[in-house]
Amino acid sequence: MTAVRDIAVVGAGAAGTLTAMRLLRRAAGEGDRGCRVWLIGPGRTGRGLAFATDAPHHLLNVPAAGMSAHRDDPGHFVRWLGSRAGADDFVPRGLYGKYLADSLADTLDAVGGPGGGPRLLRVRDRVVGLGHRPDRARAPLSLRLRSGQSLAVDAAVLALGNFPADRSWAPPSLLRSPLFRADPWAPGALRALPEDQDLLLVGTGLTMVDAALTLQRPGRVVHAVSRHGLLPRPHAARPLLPAPAPGLDARSGLDPLRRAVLGHLAAGRRSHGDWRVGFDSLRPVTSALWQQLAPAEQARFLREDLRLWEVHRHRIPPVSAEALADAVDRGRVTVGSGTVTDAEPVADALRVRLADGRSLRVGAVVNCTGAQTDLTRIEDPLVTGLLGTGLGSPAPVGGGFDTTPDGRLRPASQHDPAPLWTLGSLRRGNLLETTAVPEIRCQADDLALTLRQHR
């Protein structure tokens with residue numbers, strides 16, 4: 001009989017839920033009834049930052065056909081939707097969170113049986129610290145919970161998702177203001193804003209689109225600014241036929257790669273009539289190309305190309321693009337380039353100054369700049385502790401942890417590697433493209449196999 005294996009999945013959002021599902025299925029397939037998966041995290045299962053919203057206009061940025069929880073069953077999500085939506089529809093994100101929770105429940109039903117099977121233990125708490133005893137053959141990891149309890153496990157997967165938005169751009173005068181909303185996804189952050197005053201959103205990416213559509217209304221102007229003033233591009237109105245991945249190589253450096261990618265996109269537009277086909281065909285090879293670049297070239301890409309890449313890669317549903325365009329046409333939303341340099345209180349509002357000399361009087365400033373990726377600047381006790389003890393180290397470029405090809409954390413020099421793995425956004429520096437469900441479900445599947453083989 002297989003010995004009991006305790007595996008902690010730290011984080012109960014999408015990445016954690018997908019990982020728990022794959023671990024349970026893998027253990028059941030191997031006939032291991034003693035495996036225990038500890039899924040740890042506050043809140044509702046499957047409802048991390050992206051899928052906690054219940055707003056009907058907060059939509060998935062991928063059609064339903066691409067969002068199955070199961071790598072080996074691409075139609076699973078569409079079947080779960082039933083008559084609620086079709087394969088080509090962009091459905092509300094809250095609905096997807098419910099799907100993940102239901103899928104985990106279905107997995108538990110499938111792996112159980114008269115004689116029992118691998119177990120899921122759901123812990124609604126937060127891990128705030130982690131210790132490693134390399135001299136212990138069993139349960140070498142000790143997880144400290146916010147409640148004061150501790151848990152000893154054989155291995156752990158960090159599925160922490162996205163951290164709150166970066167605030168480094170905000171001047172001290174704004175950070176001190178009660179009218180600054182540092183995290184638009186914090187409970188109630190957008191509900192208590194003044195109804196009769198304009199607002200400023202800093203950032204013009206996916207978060208801004210959600211916030212602007214929530215906040216726009218007659219009698220209010222929602223201003224959105226960012227360094228580049230670029231908006232995410234919309235998905236095509238109709239499904240496009242896929243194209244094969246190109247045979248590109250990045251070992252000659254960033255400049256030749258740029259030329260090759262632009263040539264590939266131009267050829268795709270000529271042959272398919274839409275730039276999106278060529279862009280989507282890059283997805284299977286993006287991480288490999290990223291890893292072929294030298295660190296200095298990776299850093300240059302992040303400075304010079306990342307924003308343009310993101311607005312084409314991470315697109316929004318056509319209905320969201322149309323709603324935003326309508327709000328702009330009505331004068332309810334403005335979008336442009338700008339950098340905040342100062343803010344001062346004026347009565348019950350803020351006077352915000354921009355680098356180009358403009359000033360805006362607004363009732364609040366909402367931070368929509370996207371998740372912080374630099375682990376050395378994240379105020380999270382678990383992350384801070386891992387870096388401080390050397391159990392984890394930051395990726396050289398791009399954010400997240402430095403990991404081995406299978407997602408195991410690389411410790412600081414002269415430290416023993418711990419049985420710690422991660423996936424999703426925490427592998428951004430090593431993979432670049434690692435935040436979407438199609439990538440995360442594959443990582444979760446691969447991790448399940450890796451952890452089951454780890455002894």
Visitor: Quick one: does T204's side chain have a donor or acceptor within less than 3.5 Å of a partner on L230's backbone?
Guide: yes
Visitor: Evaluate Y96 against F77 for ring pair (Phe, Tyr, Trp, His ring centres under 6.0 Å), listing each step before the verdict.
Guide: CA-CA 9 Å; Y96 190 74; F77 181 44; 5.0 Å; yes
Visitor: Report yes if the side chains of L160 and L382 come closer than 4.5 Å at any heavy-atom pair, otherwise no.
Guide: yes
Visitor: Go through the side-chain N and O atoms of H132 and T389 and say whether any donor and acceptor fall under 3.5 Å apart.
Guide: no
Visitor: Is there a side-chain contact between F163 and S425 in this structure, where contact means two heavy atoms from C-beta onward sitting under 4.5 Å apart?
Guide: no
Visitor: Donor-acceptor pairs under 3.5 angstrom involving side-chain atoms of residues 60-70: please list them, not counting sequence neighbours.
Guide:
| residue | atom | partner | partner atom | Å |
| --- | --- | --- | --- | --- |
| S68 | OG | H70 | N | 3.0 |
| S68 | OG | H70 | O | 3.2 |
| S68 | OG | D73 | O | 2.7 |
| H70 | ND1 | R22 | NH1 | 3.1 |

Visitor: Check P246 against V285 and note the closest heavy-atom contact, atom names and distance.
Guide: O-CG1, 4.1 Å
Visitor: Kindly give the heavy-atom pair with the smallest separation between L423 and A159, and that separation in Å.
Guide: CD2-CB, 3.8 Å
Visitor: Using the rule given for side-chain contact (heavy atoms from CB on, under 4.5 Å), can you reason through L199 versus V366, listing the C-alpha separation, both sets of side-chain angles and the distance that settles it, and then say yes or no?
Guide: CA-CA 8 Å; L199 303 172; V366 183; 5.6 Å; no
Visitor: Between P184 and T207, what is the shortest heavy-atom contact and its length?
Guide: CG-CG2, 3.8 Å
Visitor: Considering only heavy atoms from C-beta outward, does the side chain of D402 approach that of P396 to under 4.5 Å?
Guide: yes
Visitor: Compare all side-chain heavy atoms of L375 with those of L386 and state whether any distance is below 4.5 angstrom.
Guide: no
Visitor: Does the side chain of P394 reach to within under 4.5 Å of the side chain of L387, using non-hydrogen atoms?
Guide: yes
Visitor: As a quick check of understanding, evaluate side-chain contact (heavy atoms from CB on, under 4.5 Å) for L151 and D6, giving each step before the final call.
Guide: CA-CA 10 Å; L151 174 66; D6 286 295; over 6 Å; no
Visitor: Looking at R251, I want to see if its CZ is surrounded by more than 12 non-hydrogen atoms of other residues, nucleotides or ligands under 6.0 Å.
Guide: no
Visitor: Less than 4.5 Å apart, any side-chain heavy atom of R313 and any of R283?
Guide: yes
Visitor: By side chain to side chain contact (heavy atoms under 4.5 Å, CB included), which residues pair with P256, not counting sequence neighbours?
Guide: S252, R259
Visitor: Checking D166 against R377 for the salt bridge (Lys or Arg N to Asp or Glu O under 4.0 Å) test, could you report, in this order, the C-alpha distance in whole Å, the side-chain angles of both residues, the deciding distance, and whether it holds?
Guide: CA-CA 9 Å; D166 180 23; R377 295 163 61 181; 3.6 Å; yes
Visitor: Specify the closest pair of heavy atoms between L431 and Q291, including all atoms of both residues, with the distance to one decimal.
Guide: CD2-NE2, 3.3 Å
Visitor: With a cut-off of 6.0 Å (strictly less than), are more than 12 heavy atoms of other residues, nucleotides or ligands near CZ of R167?
Guide: no
Visitor: Give a yes or no on whether the ring-centroid distance for F401 and W421 is below 6.0 angstrom.
Guide: no
Visitor: Would you call D305-R258 a salt bridge at under 4.0 Å N-O?
Guide: yes
Visitor: Is the shortest side-chain N to carboxylate O distance from D446 to R71 below 4.0 Å?
Guide: yes
Visitor: Specify the closest pair of heavy atoms between H235 and P318, including all atoms of both residues, with the distance to one decimal.
Guide: O-CG, 3.5 Å
Visitor: Should C35 and E30 be marked as a side-chain contact (heavy atoms from CB on, under 4.5 Å) after you check the CA-CA gap, both sets of side-chain angles, and the distance that decides it?
Guide: CA-CA 10 Å; C35 176; E30 296 171 1; over 6 Å; no
Visitor: Mind telling me whether F301 and W309 have parallel, tilted or perpendicular rings, with 30° and 60° as the class edges?
Guide: perpendicular
Visitor: State which residues pass side-chain hydrogen bond (donor to acceptor under 3.5 Å, both in side chains) with S320; sequence neighbours excluded, sorted by chain then number.
Guide: none
Visitor: So F180 and N367, side-chain contact (heavy atoms from CB on, under 4.5 Å) or not? Walk me through it.
Guide: CA-CA 8 Å; F180 179 53; N367 184 10; 4.0 Å; yes
Visitor: Got a sec, which residues hit salt bridge (charged side-chain N to carboxylate O under 4.0 Å, His left out) with R233, two or more places apart in sequence or on another chain?
Guide: none
Visitor: Please confirm whether the backbone N or O of A343 pairs with a side-chain atom of S173, one donor and one acceptor, at under 3.5 Å?
Guide: yes
Visitor: So, do L141 and L130 sit near enough that their side-chain heavy atoms are less than 4.5 Å apart?
Guide: yes
Visitor: Consider only side-chain N and O atoms of T53 and R93, and report whether a donor and an acceptor are under 3.5 Å apart.
Guide: no
Visitor: With sequence neighbours excluded, what pairs up with D406 under the salt bridge (charged side-chain N to carboxylate O under 4.0 Å, His left out) test?
Guide: none
Visitor: What pairs with D374 under salt bridge (charged side-chain N to carboxylate O under 4.0 Å, His left out), at least two apart in sequence or on another chain?
Guide: none
Visitor: How about P411 and D416: do any of their side-chain heavy atoms sit closer than 4.5 Å?
Guide: no
Visitor: For G205 and R307, which heavy atoms make the closest approach, and how far apart are they?
Guide: CA-NH2, 3.4 Å
Visitor: Are D106 and R79 close enough for a salt bridge, meaning some N to O gap below 4.0 Å?
Guide: no
